[in-house]
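Here the structure is laid out as structure tokens; the discussion comes afterwards.
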Amino acid sequence: MINKIARSIADALADVKDGSTVLIGGFGTSGIPSELIDGLIAQGAKDLTVVNNNAGNGEVGLAALLKTGRVRKVICSFPRQVDSQIFDGLYRSGQLELELVPQGNLAERIRAAGAGIGAFFSPTGFGTELAKNADGSAKETREINGKHYVLEMPIYADLALIKAEQGDRWGNLTYRMAARNFGPVMATAAKKTVATVHEIVELGALNPEHIVTPGIFVHQIVKIDRVATQAGGIKRAA
């Protein structure tokens, strides 16, 4: 019997290895899988490459993971905001690498990995510093129908951590409004996907037309309590 419901977050993340590339869902504070991030901190894996739209808020969630010193590199589109002091300090001191990726390219690079696309050409970033590789060399460019494009590579991952709304024991997932953001594409691009859900329903209870992430892309789900999130990532009891 297929049953992807994990007994705990610790069980779901027990096999994360040092050096892993980890996709973490969320857009600002919306849809951040904070409980899974806390579980990854407790698990202890180090030398991680983390892929997220942002680079942490305050000193919780992703920022707390960065603060442990176990993240080697961040790939994101929006690293700086008023409360990104953890990232800022680590980056300026040379303790953390950054790969800055335009937001649309970030989503498409992740989606390409899940879709089996070897690479793609994007017009975004042409003629700017974003058209260079991490070592400073220029990315391949091409003119197509009179427009200039930059070759972008997929972002494959060992692990995806995402936050969903409902799930069943097969791992089928639905999301709640903006909390959906990067979750669906990240689930397809990782060797292992772990999702938190606020409700586990009986098999067949989810309308197939409402399932956003099919269970084939999900390895384990963990039920968590619902906690209201305020601006800046500050949590208060529900």
Side-chain angles (χ1 to χ4, degrees), residues 13 16-29 32-34 36-114 119-120 122 124-141 150-162 181-182 185-186 189-192 233:
L13 301 180
V16 181
K17 295 180 173 57
D18 294 349
S20 294
T21 296
V22 184
L23 302 172
I24 300 180
F27 185 97
T29 59
I32 287 284
S34 298
L36 292 176
I37 296 172
D38 291 344
L40 185 60
I41 293 171
Q43 193 267 355
K46 59 182 184 295
D47 195 32
L48 302 174
T49 295
V50 168
V51 184
N52 182 258
N53 186 68
N54 300 78
N57 298 84
E59 297 196 12
V60 298
L62 182 54
L65 177 60
L66 297 180
K67 192 175 182 178
T68 65
R70 299 206 300 264
V71 177
R72 178 182 62 83
K73 180 179 180 179
V74 170
I75 302 175
C76 72
S77 64
F78 190 65
R80 292 295 309 281
Q81 47 207 0
V82 293
D83 58 353
S84 60
Q85 66 269 13
I86 299 300
F87 164 81
D88 195 57
L90 291 170
Y91 177 70
R92 289 179 183 276
S93 64
Q95 300 176 69
L96 186 65
E97 296 177 40
L98 170 66
E99 182 178 341
L100 189 63
V101 183
Q103 193 172 84
N105 283 0
L106 181 68
E108 186 64 7
R109 288 177 64 187
I110 297 169
R111 192 198 70 82
F120 63 94
S122 170
T124 306
F126 179 83
T128 73
E129 291 297 307
L130 297 176
K132 294 181 180 180
N133 295 303
D135 62 1
S137 61
K139 295 180 179 179
E140 181 182 340
T141 60
V150 180
L151 184 67
E152 298 288 351
M153 307 303 291
I155 298 176
Y156 301 97
D158 301 291
L159 175 68
L161 304 179
I162 60 176
N181 51 73
F182 287 86
V185 291
M186 286 184 171
K191 295 177 182 177
K192 177 178 180 178

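- Atom-to-atom distance recorded for Ser20:OG and Lys46:NZ is 11.0 Å, nearest 0.5 angstrom.
- Taken from OG1 in Thr21 to NZ in Lys73, the straight-line distance is 8.5 Å, to the nearest 0.5 Å.
- Between the side chains of Asn105 and Ser122, at least one donor N or O lies within less than 3.5 Å of an accepting N or O.
- Looking only at side-chain heavy atoms (C-beta outward), Leu106 and Phe182 come within less than 4.5 Å of each other.
- Looking at Leu48 and Leu40, their side chains come closer than 4.5 Å, going by heavy atoms from C-beta outward.
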Practice prompt. For Leu90 and Val74, run side chain to side chain contact (heavy atoms under 4.5 Å, CB included): C-alpha distance rounded to whole Å, both residues' side-chain angles, the deciding distance at 0.1 Å, then the answer.
Written response: CA-CA 11 Å; Leu90 291 170; Val74 170; over 6 Å; no

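- A pairwise comparison of heavy atoms in Thr49 and Arg72 identifies OG1-NH2, 3.1 Å as the closest pair.
- At least one side-chain heavy atom of Leu23 sits less than 4.5 Å from a side-chain heavy atom of Ile155.
- In terms of heavy-atom proximity, Leu100 sits nearest to Pro79 at CD1-CD, 3.6 Å.
- Atom CG in Leu98 sits 9.0 Å away from atom CD1 in Ile75 (nearest 0.5 Å).
- Scanning all heavy atoms of the two residues, the minimum distance from Gln95 to Ser93 falls at NE2-OG, 2.6 Å.
- Of all heavy-atom pairs spanning Ala131 and Gly125, the tightest one is CB-O, 3.4 Å.
- Under 3.5 Å, the side chains of Ser84 and Asp88 contain no donor-acceptor pair of N or O atoms.
- Counting non-hydrogen atoms of neighbouring residues, nucleotides and ligands closer than 6.0 angstrom, the CZ atom of Phe120 exceeds 12 such neighbours.
- Side-chain atoms of Leu13 and Leu161, non-hydrogen and from C-beta on, do get closer than 4.5 Å to each other.
- Atoms CZ and CD, on Arg92 and Gln85 in that order, are 12.5 Å from each other to the nearest 0.5 Å.
- Note that the CG atom of Leu159 and the NZ atom of Lys192 stand 7.0 Å from one another [nearest 0.5 Å].
- Val16 and Ala45 get closest at one heavy-atom pair: CG1-CB, 3.8 Å.
- Looking at heavy atoms from C-beta onward, Arg70 lies in side-chain contact with Ile41 at the 4.5 angstrom threshold.
- Rounded to the nearest 0.5 angstrom, Ile86 CD1 and Leu65 CG are separated by 11.5 Å.
- The minimum heavy-atom distance linking Val150 with Phe126 is given by the pair CG2-CA, 3.6 Å.
- Under the side-chain hydrogen bond (donor to acceptor under 3.5 Å, both in side chains) test applied with Ser77, the options Asn52, Asn54, Asn53 reduce to a single match, Asn53.
- Partner of Lys139 under the side-chain contact (heavy atoms from CB on, under 4.5 Å) criterion, chosen from Asn133, Leu130, Leu151: Asn133.
- Side chains of Val101 and Arg109 form a contact here, defined as non-hydrogen atoms less than 4.5 Å apart.
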